[in-house]
Amino acid sequence: MENQGNINSIPEEKPVLNFIEEIIESDLQTGKNGNRVHTRFPPEPNGYLHIGHAKSICLNFGLAKKYHGKTNLRFDDTNPTKEDVEYVDSIKEDVRWLGFQWDGEYFASDYFQQLYDWAIQLVKDGKAYVCDLTQEQMSEYRGTPTRPGKESPYRNRSVEENLDLFQRMKNGEFPDGSRVLRAKIDMASPNMHMRDPIIYRILHAHHHRTGDQWCIYPMYDYAHGESDSIEKITHSICTLEFEVHRPLYDWFITQLGIHHPQQIEFARLNLSYTVMSKRKLLQLVQEKRVMGWDDPRMPTISGLRRRGYTPESLRMFAEKVGIAKRDNVIEVSFLEWCIREDLNKRAQRVMVVQNPLKVVITNYPEGVEEELDAINNPEDESMGVRKVPFSRELYIERDDFMENPPKKFFRLSPGTEVRLRYAYFITCQEVIKDENGEVVELRCTYDPASRGGNSPDGRKVKSTIHWVSAQHSLDVEVRLFERLFLKHDPEETEEGEDFRANINPDSFTILSHCKAEPFLKSSKPLDHFQFERLGYFTTDYDSEKENRLIFNRTVSLKDSFAKG
RNA sequence: UGUCCGAUGGUGUAAUUGGCAACACGUCUGUCUCUGGAACAGAAGAGUUCAGGUUCGAAACCUGAUCGGACAACCA
């Protein structure tokens, strides 16, 4: 680097702007919205939020924060047949948990009256009409992307007739599906969405907020832009598939002559090996193939939370994947890197043995116990130390012993000396087996002078292993989850393959013979730990319900899913 | 046989709008450590989908192609 060493020539840190920030900054410069930035996060309450929504949440709230603006939370509840209050509650909880606080909280249903009045205005202006075509006829008349559509025979009804019919639609005089209100635009438009799109449909359905007050409901395209406009949103950010809808978004607002937010599209998040379709996730829940929306295998925010992901890690992930218009597929390993990065700095270390092997220290006095100091987090001294009990009988990890070790194996084997972390050097003297030849116990000797983990003679050991004192140990249950859809990369899923193939309520590994430090007794749901050498774990909600300690593995210490 | 979008190391995003293609993750090498694929130090890796054109100069502008995506729900 030519600038090295010369402090004066170090270039100023250039802020890296994504294309949306560029639009906002340019609007700010021209004073387009009176220097206001107002975004919104507009989920439909028809399911739980997933990691893809997290990207959108971080974007919208992040932008508002960066430009000292505001962000609304708006529920796009225009289809009562799919929506429910359970979902609005979960959405609020998830957004809050992610660390964001919205300025306004609204529902599209708050605007039903205004939307209706505007529809009347469109009818009066001759820009909307009631159409009696059946669904089949309408799709026939609509044409195809390569062939223009043709006009509905009802297209030229008089304003009076339209007004009358629309009011009677509203009054519940017609059955579902019998008529719709359509915008009068252009049946020959190359953009299918401009071929006289439907504005209102008849739906005699109970709405979770407005009850039975309405039996006609606005379509997304009609309700969304207007809702943005009512809330004086400046930048309406959505995903790429709505790009084709933008002309329609603009059309309604222009016809109505109301505040005009700018719709900006960005590429949605795709995660390798992960199914993110709400419809499919709902299917898993309904078929009870998972414990619920918050099953630790689910890519939902609540599932990730229960699995031990932190808001910080998700925010870091969202920031690092960036914002662009190009389709992308992010490796799940990258998400896992983010959570390791975060947890490495803050997770309390604790020794847990997943597959215990008994070790007896033959030269350690019986009936004696002592407490040794263990560091809570080598990455963060301020987390302090704790006491770990030590006694004559211990458990170590079965994998940490090999009777006939290969060359690179430095852990315990007959005759070798290793360090018990924070404790003593021990040497394996004898291997005890059962009648099947299985190793059931090790007899070792310890060096009393190596207390704390170092020998005064400066002798080195090749390895340090973790352990727990048998009599003090806690029995805990550990759940190991795979990624949700291990073999199904959305890119590679073959046609006809069932994405639910290996998802079952109990299709994860439960280790029920784990031995842990007594320290864990006080752990509460969603506490984060690093079980030394084994990975990051979090206490499951079920611990309280079932009155025993259950831990979910958030992620292993290493990337066991590395490409290959 | 339509319209609209997009294409930059293995991955994801940049490139002050025409001026030496940068950052992060991953990969590799080394050091260190009382867990560790942690930490620390270093290296390799793209000439920007292709073919033309404009220009002193193109990832960027123009033309044509190729590949990928979106759009034909009374869903959002």
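Every chain is numbered from 1, with letters handed out A, B, ... down the list of sequences.
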Problem - Under-4.0 Å salt bridge between A:Glu44 and A:Lys278 - result: no
Exercise for the section: Mind telling me whether A:His53 and A:His50 have parallel, tilted or perpendicular rings, with 30° and 60° as the class edges? Expected result: tilted
Exercise for the section: Could you say whether A:Thr78 or A:Val244 is positioned toward the 5' end of RNA chain B, judged by the nucleotide with the nearest heavy atom to each? Expected result: A:Val244
Handout entry: Rounded distance in Å - CD (A:Glu265) to C1' (B:C5)
Key = 9 Å
Output one line per pair: protein atom, nucleotide atom from nucleotides 38-41 of chain B, and distance, for all N/O pairs under 3.5 Å.
from  : atom 1 : to       : atom 2 : distance (Å)
B:A38 : O2'    : A:Asn344 : ND2    : 2.8

Completion exercise
note: A:Arg340, atom CZ; B:C25, atom P; distance rounded to Å ~ 14 Å
Exercise for the section: Could you tell me whether A:Pro42 contacts a base, only the sugar-phosphate backbone, or nothing, with contacts defined as non-hydrogen atoms closer than 4.0 Å? Expected result: nothing
Problem - Pairing of A:Arg268 and A:Glu241 as salt bridge, 4.0 angstrom limit - result: yes
Practice task
Pick base, sugar-phosphate or nothing for A:Tyr422, based on heavy-atom distances below 4.0 Å to the nucleic acid.
Solution key: base
Exercise for the section: Would you please enumerate the stems RNA chain B participates in, each stem being three or more consecutive Watson-Crick or G-U wobble pairs with both distances under 3.5 Å? Expected result: B:2-7 with B:66-71, B:10-13 with B:22-25, B:27-31 with B:39-43, B:49-53 with B:61-65
Problem - Row check, A:Phe334 ring normal vs A:Lys320 NZ/CZ: under 6.0 Å, within 45° - result: no
Exercise for the section: Using atom CZ of A:Phe242 as one end and atom C1' of B:A76 as the other, report the distance to the nearest whole Å. Expected result: 5 Å
Completion exercise
Quick tally for nucleotides 9-14 of chain B: nucleotides whose base has a protein heavy atom under 4.0 Å get B, sugar-phosphate-only ones S, the rest -, giving --SSBS
